[in-house]
Novice: 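Submitted below is the structure of interest, expressed as structure tokens.
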Amino acid sequence: MNFEKPSRRNTDRSKVSRSRSPRTSRLNSTPLFFKGTGSIKNPSETPTRSTPQHSEKEDYGPEYKALEWESRQLIDLEWYDCEEGANTMKNEDDFAYREGVAESRREKKVKLGSLKKLERMQDNDKWEINRMVSSGTIKVHAKDAYDEQDEEHRVVLMVHNIKPPFLDGSIVFTTQLETVQVVKEPNSDIAMLARKGSAVVRIVRERNERSKMRDKFWDISGTALGSMLGVQKKIEEDFSKYDDEGNLDYKADSQYAKSMGNFEAVSDFARSKSVKEQREYLPIFSVRESLMNIIRENRIVIIVGETGSGKTTQLTQYLYEEGYTSYGIIGCTQPRRVAAVSVAKRVSEEIGCKLGDKVGYAIRFEDCTCDQTIIKYMTDGVLLRESLNESDLDQYSAIIMDEAHERSLHTDVLFGILKKVVLRRRDLRLIITSATMNSQKFSEFFGNSPVFTIPGRTFPVDIIFSKTPIEDYVDAAVKKALEIHLQQPPGDILIFMTGQEDIMATCVLLNERITELGPNIPKIRVLPIYSQLPSENQARIFQKSDLRKCVVATNIAETSLTVDGVRYVIDTGFCKLKVFNPKIGMDALQITPISQANANQRSGRAGRTGPGSCCRLYTDTIYREDLLENNIPEIQRTNLANVVLLLKSLNIGNLLEFQFMDPPPQENILNSMYQLWILGALDDLGELTELGKKMVEFPLDPPLSKMLLEAERYKCSSDILTIVSMLSVPSVFYRPRDRESEADASREKFFVPESDHLTLLNVFTQWKNNGFRSDWATNNFVHIKALRKVREVRAQLSDIMKSLNIPEISCGNNWDVIRKVIASGYFHNSAKMKSIGEYVNMRTGIPCILHPSSALFSLGYAPDYIVYHELTMTTREYMQYVTAVDPYWLAELGPMFFSTKENFQEIERKRQKEAKNRIIEELVASKNKEENKGQEDEVKGSGQIVMAGREPTPRRTPRIHPSL
DNA sequence: GAGCACTGC
């Protein structure tokens with residue numbers, strides 16, 4: 001509060017009659033500053049800002065409005081008089097003016113005496129308004145709320161944008177406006193089609209919403225059908241991970257391997273032949289000698305090999321047999337966990353050892369290796385982590401990067417790192433495997449390394465392009481599938497779709513049309529598959545069936561899993577891609593045309609077990625001219641904060657000079673460096689700080705690791721550990737389609753009113769208090785799988801904390817401290833209330849709203865300041881996981897963005913001065929207005945107040961004392 | 001008053 005209230009006002013109170021006219025009593029129940037529009041206005045604000053809204057007159061009438069406005073001036077005048085008047089009015093020239101003001105004041109006092117007490121009632125009114133806001137009767141608008149806090153007890157945060165010196169004027173954050181181009185030609189037919197989407201899907205969606213037969217639409221893959229087909233539900237708990245005290249041993253041996261293997265097909269070939277025979281049957285065996293020669297002579301070799309050539313399983317064994325393991329071990333990276341585990345399992349069988357002995361694997365949460373291990377399969381992320389602790393990767397004598405053409409973020413970073421390691425270590429062999437398309441590029445990147453091609457064993461695939469561009473890819477795919485089903489010889493069909501909704505619509509339509517054709521038509525088994533589908537339903541695509549199978553899949557079937565028996569592929573030409581949109585600063589999933597590489601990969605799926613054909617639902621011309629040759633590598637379209645942190649900790653001074661195969665846009669790097677600087681991981685020179693060095697240790701996003709480390713200071717590390725772990729898994733809340741309200745009610749029981757983060761903590765704590773029981777989870781609509789994952793993550797993070805000597809302490813119920821720690825990692829995602837449920841990002845001004853699942857959503861009042869975990873753009877921009885924060889915290893924790901007013905006394909003094917000047921001007925103007933009766937009549941007639949202060953007042957311009 | 005391409009540490 002900057003303008004002190006005059007003491008005189010208090011003394012005046014006693015003189016004012018307490019009787020109420022009907023009008024004033026109404027005013028009392030609906031406070032003066034409560035506008036008819038349903039917003040709050042501050043009573044003591046300056047006249048310029050108190051222009052009543054048009055709708056007001058409907059409630060109170062113009063006369064009241066005029067009175068109200070004048071009464072405010074009166075109050076303002078009084079305050080002016082007693083606070084500064086004496087100084088200001090000393091000048092003789094101002095005498096007449098002062099007289100005029102005083103006269104006006106006396107008149108008004110008489111006329112408006114009864115209204116004056118409204119000011120006295122201010123506190124009462126505020127209380128009432130608070131009640132009304134909390135009951136949801138009225139809405140609070142941001143500006144008004146701002147004004148109120150401006151004048152009263154609330155804090156005002158100043159927003160600014162201080163840049164780190166090392167960026168030196170470089171572009172950061174919101175100024176980067178270009179979206180990464182993921183389409184070759186944005187105006188091409190196929191790009192337009194991608195934006196348009198499928199009309200049939202919309203029809204199916206609407207139809208199902210209308211008929212409320214959503215169950216049919218959504219639960220086609222549901223449990224009823226699943227159990228009918230004999231899919232066994234796995235209920236038994238796996239306790240092998242827990243030690244005697246019930247603690248979680250997340251590194252327990254071969255977890256993943258145990259849970260796998262259920263669906264592995266054992267072919268007749270495998271049954272009838274010995275391991276040796278099987279190995280010699282593989283295409284790679286025929287080129288073994290020449291391959292080994294090339295590897296012996298070159299330190300880096302690029303190997304091109306189709307799937308099924310045996311490179312993944314044989315290469316490691318060849319190197320072992322050639323003696324490369326005499327001075328180190330052989331590492332082989334895979335982009336996926338499943339692949340790393342299953343290949344390791346297969347190779348251990350071929351060599352004839354126990355998994356984890358000579359042959360092992362390492363993925364997150366599971367290190368299935370020992371001192372004897374000489375062949376180690378792992379995910380690329382694991383190798384990247386290892387390179388942090390051991391920058392020369394000394395334990396390896398050879399590293400194979402398998403499936404490198406997939407260009408995952410980790411692979412791309414490893415490329416740059418390994419290239420340097422090979423220069424330093426003359427004894428290290430590096431082998432990169434790639435698809436045919438970009439082998440040349442790989443070779444060039446690695447200093448023109450030789451490319452060795454292994455003949456594949458795939459069958460020819462007929463490619464059939466559409467003759468004309470199609471209008472609706474879902475409709476066209478359904479027609480094509482029917483055509484194949486009715487006309488072509490046996491063999492399963494695989495359709496590539498973009499997402500869940502497309503897939504379900506396709507399944508529904510396909511089933512419908514088959515039924516329509518009558519009973520004489522052969523049946524078909526339509527099977528959806530996407531990653532979100534429960535795993536028991538996913539497994540159905542591998543089951544044998546007498547009917548022709550038609551698998552409708554997302555990109556998951558392109559690389560992650562192989563459906564055998566597919567002879568026909570239908571390729572819609574689209575996929576969903578996560579694209580970062582810098583304009584709004586968030587990622588969005590959008591339907592985009594695939595690349596030529598995608599298309600080839602998809603068609604290849606038809607030739608796994610025999611010759612096949614692939615129908616592409618786009619023309620030859622589109623394929624050649626409108627599709628990109630390769631995908632945009634992940635590294636070019638993602639947030640690089642973690643990568644930057646990692647490279648910084650590898651002592652790579654200038655990141656812009658790091659050797660990327662496809663360098664990410666410079667702005668992305670700078671942007672990430674800026675984000676790290678904000679969090680305190682980089683100093684003003686762009687070097688890693690002590691905090692940053694610790695942050696690298698955690699496999700977490702920088703804001704989350706910042707939270708964890710900050711928690712030590714506030715003595716709530718244990719609680720934050722839980723929250724961070726909960727945030728690292730998909731939502732734990734289970735909301736089945738037919739029991740939404742039940743699930744919602746259950747979720748609300750966990751709510752902590754001011755914070756979704758604390759709600760998460762609450763869920764975990766209660767689960768823990770109930771002995772980590774799975775039936776507790778099921779009864780409370782919580783995903784048990786997700787919770788178990790939380791435990792795993794938590795155990796891993798806890799280990800890292802121990803290694804950093806950070807004690808695990810819980811703060812008990814001191815939840816304010818926890819909220820503050822959350823703010824320490826997420827102050828950059830802070831938003832200020834605009835109205836209930838609606839916020840604007842403090843820095844960017846982007847409007848964002850509370851997600852209906854948030855604990856704050858149905859709270860009844862809206863905290864002024866909040867931080868959120870992330871923004872998702874679906875139907876609207878929703879904030880996910882929101883916590884109310886104190887604005888002082890934001891200023892304390894994020895000084896580069898925020899400061900409270902107190903820090904800016906200079907600015908504040910100036911602002912006060914301006915405000916006072918304005919009041920005086922308004923008063924003068926108002927007096928002028930009174931003199932002009934005609935004008936006032938006009939005002940009353942129109943029912944609006946025209947602020948006379950806006951008009952020039954040449955006669956009297958008040959002189960302002962220099963001290964003001 | 002609400003919806004999920006695919007990975008990974």
Side-chain angles (χ1 to χ4, degrees), chain A residues 182 194 205 209 214 217-218 250 333-340 362-367 378-389 403 406-414 496-504 529-534 553-561 572 574-579 587-592 594 598 601 631 633-635 637-638 642-643 645-646 695-702 704-705 728 730-731 733 735 737 740-741 743-744 747 792-793 796-797 799-800 836-837 849-854 857-858 872-880:
Chain A
V182 290
R205 184 198 304 148
E209 274 167 10
R214 297 166 69 173
F217 179 60
W218 289 105
Y250 67 93
T333 69
Q334 295 288 328
R336 271 171 294 279
R337 294 161 57 101
V338 195
I363 56 179
R364 189 186 181 184
F365 305 129
E366 270 179 63
D367 187 354
M378 66 202 123
T379 41
D380 43 17
V382 169
L383 187 62
L384 196 55
R385 284 271 148 202
E386 282 182 8
S387 72
L388 275 180
N389 305 322
E403 313 284 343
E406 286 191 26
R407 305 289 305 276
S408 79
L409 184 63
H410 294 150
T411 340
D412 269 21
V413 179
L414 276 174
F496 282 102
M497 278 288 160
T498 64
Q500 189 176 335
E501 195 175 27
D502 282 358
I503 288 175
M504 283 315 181
I529 186 157
Y530 45 89
S531 72
Q532 305 276 344
L533 195 72
T554 55
N555 261 354
I556 194 171
E558 205 177 288
T559 48
S560 303
L561 51 90
T572 53
F574 299 105
C575 67
K576 272 191 192 171
L577 205 65
K578 200 173 198 173
V579 185
D587 296 319
L589 276 176
Q590 63 186 54
I591 296 181
T592 30
I594 58 171
N598 285 129
Q601 179 73 23
N631 297 350
E634 192 182 358
I635 201 162
R637 49 183 173 88
T638 192
N642 250 327
V643 172
L645 200 59
L646 202 122
M695 280 167 70
V696 190
E697 299 291 323
F698 293 97
L700 292 168
D701 279 343
L704 288 174
S705 29
S728 305
S731 172
F733 292 110
R735 198 167 182 266
R737 198 147 295 280
E740 279 110 339
S741 50
D744 287 349
R747 195 185 61 232
E792 281 188 346
V793 176
Q796 189 196 24
L797 297 178
D799 272 5
I800 300 172
I836 286 188
I849 60 178
L850 286 174
H851 195 271
S853 66
S854 168
F857 184 77
S858 45
T872 56
M873 197 172 80
T874 46
T875 44
R876 296 175 71 181
E877 287 92 352
Y878 287 112
M879 297 179 286
Q880 308 274 9

Novice: Please enumerate all residues that pass ring-ring contact (aromatic ring centres under 6.0 Å, His included) together with A:Y878, with sequence neighbours excluded.
Specialist: A:H851
Novice: Tell me the interatomic distance from A:M504, atom CE, to B:dC4, atom P, rounded to whole angstroms.
Specialist: 15 Å
Novice: Which listed nucleotide (B:dA5, B:dG8, B:dC9) is nearest to the side chain of A:R336?
Specialist: B:dG8
Novice: What's the closest nucleotide to the A:H410 side chain, out of B:dG1, B:dC6, B:dG8?
Specialist: B:dG8
Novice: Need one value for A:S408: base, sugar-phosphate or nothing, where a base atom within 4.0 Å counts as base even if backbone is also close, heavy atoms only.
Specialist: nothing
Novice: Using every non-hydrogen atom in the two residues, find where A:P699 and A:L797 come nearest and quote the distance to one decimal.
Specialist: CD-CD2, 3.9 Å
Novice: Do A:R637 and A:L577 have side chains that approach each other closer than 4.5 Å (heavy atoms only, starting at C-beta)?
Specialist: yes
Novice: Of the nucleotides B:dC6, B:dC9, B:dA2, which has the atom closest to the A:Y878 side chain?
Specialist: B:dA2
Novice: Quick one: is A:S560 getting a side-chain N or O under 4.0 Å of the B:dC6 phosphate, OP1 or OP2?
Specialist: no
Novice: Counting just side-chain N and O atoms, does A:R337 come under 4.0 Å of either OP1 or OP2 of B:dC9?
Specialist: yes
Novice: How do A:P335 and A:L577 order along DNA chain B: which one's closest nucleotide is nearer the 5' end?
Specialist: A:L577
Novice: Write down the distance between CZ (A:R364) and C1' (B:dC9), rounded to a whole number of angstrom.
Specialist: 5 Å
Novice: Name the closest nucleotide to the A:K576 side chain, picking from B:dA5, B:dT7, B:dC9.
Specialist: B:dA5
Novice: Using atom CD of A:Q590 as one end and atom P of B:dC6 as the other, report the distance to the nearest whole Å.
Specialist: 16 Å
Novice: Could you check how far CG of A:D701 sits from P of B:dG8, rounded to whole Å?
Specialist: 16 Å
Novice: Not counting sequence neighbours, which residues clear salt bridge (Lys or Arg N to Asp or Glu O under 4.0 Å) with A:D701? List them please.
Specialist: none
Novice: Flag the pair A:R336 / A:T559 as yes when at least one side-chain heavy-atom distance between them is below 4.5 Å, and no otherwise.
Specialist: yes
Novice: Is any N or O donor-acceptor pair between the side chain of A:D744 and the base of B:dA2 shorter than 3.5 Å?
Specialist: yes
Novice: Side chain of A:H851: nearest nucleotide among B:dC6, B:dA5, B:dA2?
Specialist: B:dA2
Novice: Is any side-chain N or O of A:T554 closer than 4.0 Å to OP1 or OP2 of B:dC6?
Specialist: yes
Novice: Atom CD of A:E877 and atom P of B:dA2: how far apart are they, to the nearest Å?
Specialist: 14 Å
Novice: Check the distance between B:dC9's P and A:L797's CG and give it to me in whole angstrom.
Specialist: 13 Å
Novice: Can you identify which nucleotide, out of B:dT7, B:dG1, B:dC6, has its nearest atom closest to the A:F857 side chain?
Specialist: B:dG1
Novice: Does any N or O donor sit under 3.5 Å from an N or O acceptor when you compare the side chain of A:R735 with the base of B:dA2?
Specialist: yes
Novice: Could you work out which one of B:dA5, B:dC9, B:dT7 sits closest to the side chain of A:I556?
Specialist: B:dT7
Novice: Ignoring backbone atoms, test whether A:T872 places a side-chain nitrogen or oxygen under 4.0 Å from the OP1 or OP2 oxygen of B:dC4.
Specialist: no
Novice: Taking syn as a glycosidic torsion within 90° of 0 and anything else as anti, which one is B:dC4?
Specialist: syn
Novice: Tell me the interatomic distance from A:I591, atom CD1, to B:dC4, atom C1', rounded to whole angstroms.
Specialist: 13 Å
Novice: Within this structure, what is the CD-to-C1' distance between A:E386 and B:dG8, rounded to whole angstrom?
Specialist: 15 Å
Novice: State, yes or no, whether a side-chain contact exists between A:S728 and A:L700 at a heavy-atom distance under 4.5 Å.
Specialist: yes
